[in-house]
Amino acid sequence: MRLREVDWRDLATMAALEGEIFPDDAWSEATMWAELAMRPRRAYLVADDGAQGGGLLGYAGLDLAGDVADVMTVAVDPRARGRGLGRALLTGLHDLARDAGCGAVMLEVRADNDSAVGLYRAHGYEVVRTRPGYYRDAAGGPARDALIMRKELDEDD
Ligand SMILES: CC(C)(COP(=O)(O)OP(=O)(O)OC[C@H]1O[C@@H](n2cnc3c(N)ncnc32)[C@H](O)[C@@H]1OP(=O)(O)O)[C@@H](O)C(=O)NCCC(=O)NCCS
């Protein structure tokens, strides 16, 4: 596995993965182009299999607006999960945030997203606020809480 900065050639594959991973609120390829255009305020990393023109396995992004960076997304191909890619992408974002002089990182996650909340807790994120019923279900199901989580960047990971 190789971690590298995103390239415009990745965007079509990212958009296809995005549609599979977030079927209810996927970013379009146009949104991804807009994110890319916001560099250096935005920073995206991709994980690929390391081969020439290799398959994209995951991606993650950061907003570097101030002292506290915001995680925009972390996503791993369902076929490549449980192999440490989420961990590698998140650690890569922390390095970028540190390099940009940020002292902390924040993010928002659905409270019932066990794998993501598990990943963030394993990296020292703590819940600083809850937004009850923040995520509405278009199909009429129950609304889900959002957790706002924060990690100080004075630690190693
Ligand atoms: C969350 C996600 C990025 C994790 O990616 P991954 O490559 O499978 O994660 P890793 O293999 O690096 O696991 C790292 C740690 O995350 C936690 N974790 C991963 N999957 C988990 C699960 N199903 N349940 C609980 N914790 C989990 C564990 O702490 C794990 O460490 P361990 O392997 O030492 O136990 C992946 O499940 C994903 O893409 N989910 C859909 C997209 C999403 O919801 N993104 C977050 C939006 S806020």
Side-chain angles (χ1 to χ4, degrees), residues 1-6 10-29 31-32 34-36 38 41-51 54-66 68-98 102 104-139 141-153 155-157:
M1 189 277 292
R2 175 179 59 166
L3 210 59
R4 59 174 173 80
E5 202 180 314
V6 70
D10 298 313
L11 297 185
T13 315
M14 281 170 65
L17 260 184
E18 173 89 5
E20 184 179 353
I21 295 172
F22 303 104
D24 296 332
D25 50 4
W27 286 2
S28 65
E29 191 176 335
T31 300
M32 299 207 167
E35 288 290 302
L36 199 71
M38 286 181 71
R41 174 173 162 166
R42 295 279 213 276
Y44 280 80
L45 294 174
V46 298
D48 67 23
D49 62 13
L56 204 73
L57 303 174
Y59 52 92
L62 202 60
D63 181 72
L64 293 161
V68 180
D70 288 297
V71 174
M72 303 295 297
T73 189
V74 181
V76 172
D77 185 326
R79 295 161 288 271
R81 290 188 189 158
R83 288 164 28 190
L85 288 173
R87 190 182 281 279
L89 285 161
L90 194 60
T91 304
L93 293 187
H94 296 160
D95 290 342
L96 290 174
R98 257 191 225 97
C102 300
V105 192
M106 292 186 76
L107 56 82
E108 184 184 281
V109 60
R110 259 176 69 143
D112 63 353
N113 188 344
D114 292 337
S115 50
V117 173
L119 172 67
Y120 301 141
R121 284 196 190 283
H123 280 271
Y125 283 81
E126 289 176 3
V127 176
V128 291
R129 211 162 65 239
T130 302
R131 290 186 174 144
Y134 181 74
Y135 292 100
R136 309 268 164 211
D137 183 350
R144 305 290 178 182
D145 296 351
L147 304 180
I148 312 297
M149 302 184 83
R150 177 181 172 117
K151 172 192 169 60
E152 305 305 319
L153 281 174
E155 302 144 41
D156 282 344
D157 66 344

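In each ligand, atom 1 is the first atom listed, and ligand 1 is the first ligand listed.
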Any N or O of Ala80 that comes nearer than 3.5 Å to an N or O of ligand 1? no
How far is atom 8 (O) of ligand 1 from the closest protein heavy atom, and which atom is that? Gly82 N, 2.8 Å
With a cut-off of 3.5 Å and sequence neighbours excluded, list every side-chain donor-acceptor pair involving residues 69-76.
none

Taking the six-membered ring for Trp and the full ring for Phe, Tyr or His, determine whether the centres of Tyr120 and His94 are under 6.0 Å apart. no
Counting distance only, does the side-chain N/O of Lys151 pair as donor-acceptor with the main-chain N or O of His123 below 3.5 Å? yes
Is the closest side-chain donor-acceptor distance between Tyr44 and Glu5 under 3.5 Å? no
What atoms of ligand 1 come within less than 4.0 Å of a heavy atom belonging to Arg83? 11 (O)
Are any of the side-chain nitrogens in Asp10 or Arg4 under 4.0 Å away from the carboxylate oxygens of its partner? yes
I need the nearest protein heavy-atom contact for atom 45 (N) of ligand 1: residue, atom name and distance, please. Val74 O, 2.7 Å
What distance do Tyr59 atom OH and Ile21 atom CD1 have between them, rounded to the nearest 0.5 Å? 4.5 Å
Protein heavy atom at shortest distance from atom 20 (N) of ligand 1: Ser115 CB, 3.6 Å
So for ligand 1, is Gly86 a polar contact partner (N or O within less than 3.5 Å, distance only)? yes
Pair Arg131 + Asp145: basic N to acidic O under 4.0 Å: no
Any donor-acceptor pair under 3.5 Å linking the side-chain atoms of Tyr125 with those of Glu152? no
Identify the closest protein heavy atom to atom 11 (O) of ligand 1: which residue and atom is it, and at what distance? Gly84 N, 2.8 Å
Lys/Arg-Asp/Glu bridge criterion (N-O < 4.0 Å) met for Glu108, Arg129: no
Which of the numbered atoms in ligand 1 are below 4.0 angstrom from a heavy atom of Ile21? 41 (C), 42 (C)
Among protein heavy atoms, which lies nearest atom 16 (O) of ligand 1, and at what distance? Leu119 CA, 3.2 Å
Can you name the one residue among Thr13, Asp77, Asp49, Val6 that meets side chain to side chain contact (heavy atoms under 4.5 Å, CB included) with Leu56? Thr13
To check your reading of the model: name the closest protein heavy atom to atom 25 (C) of ligand 1, its residue, and the distance in Å. Asp114 O, 3.6 Å
Quick note on ligand 1: atoms under 4.0 Å from a heavy atom of Val109 include exactly 48 (S)
Below 3.5 angstrom, do we get any N/O pair linking Tyr120 and ligand 1? no
Atoms in ligand 1 flagged as close to Ala122, the criterion being non-hydrogen separation under 4.0 Å: 29 (O)
Does any N or O of ligand 1 fall below 3.5 Å from an N or O anywhere on Arg87, backbone included? yes
Counting only heavy atoms, which portion of Tyr59 has something under 4.0 Å from ligand 1: side chain, backbone, both, or neither? neither
Flag side-chain contact, heavy atom, 4.5 Å: Arg121 against Val117: yes
Looking at Ala75, which atoms of ligand 1 are within less than 4.0 Å of one of its heavy atoms? 39 (O)
Identity and separation of the nearest protein heavy atom to atom 26 (N) of ligand 1: Gly118 CA, 3.8 Å
Among protein heavy atoms, which sits nearest to atom 41 (C) of ligand 1, and what does the distance come to when rounded to 0.1 Å? Arg81 NH2, 3.5 Å
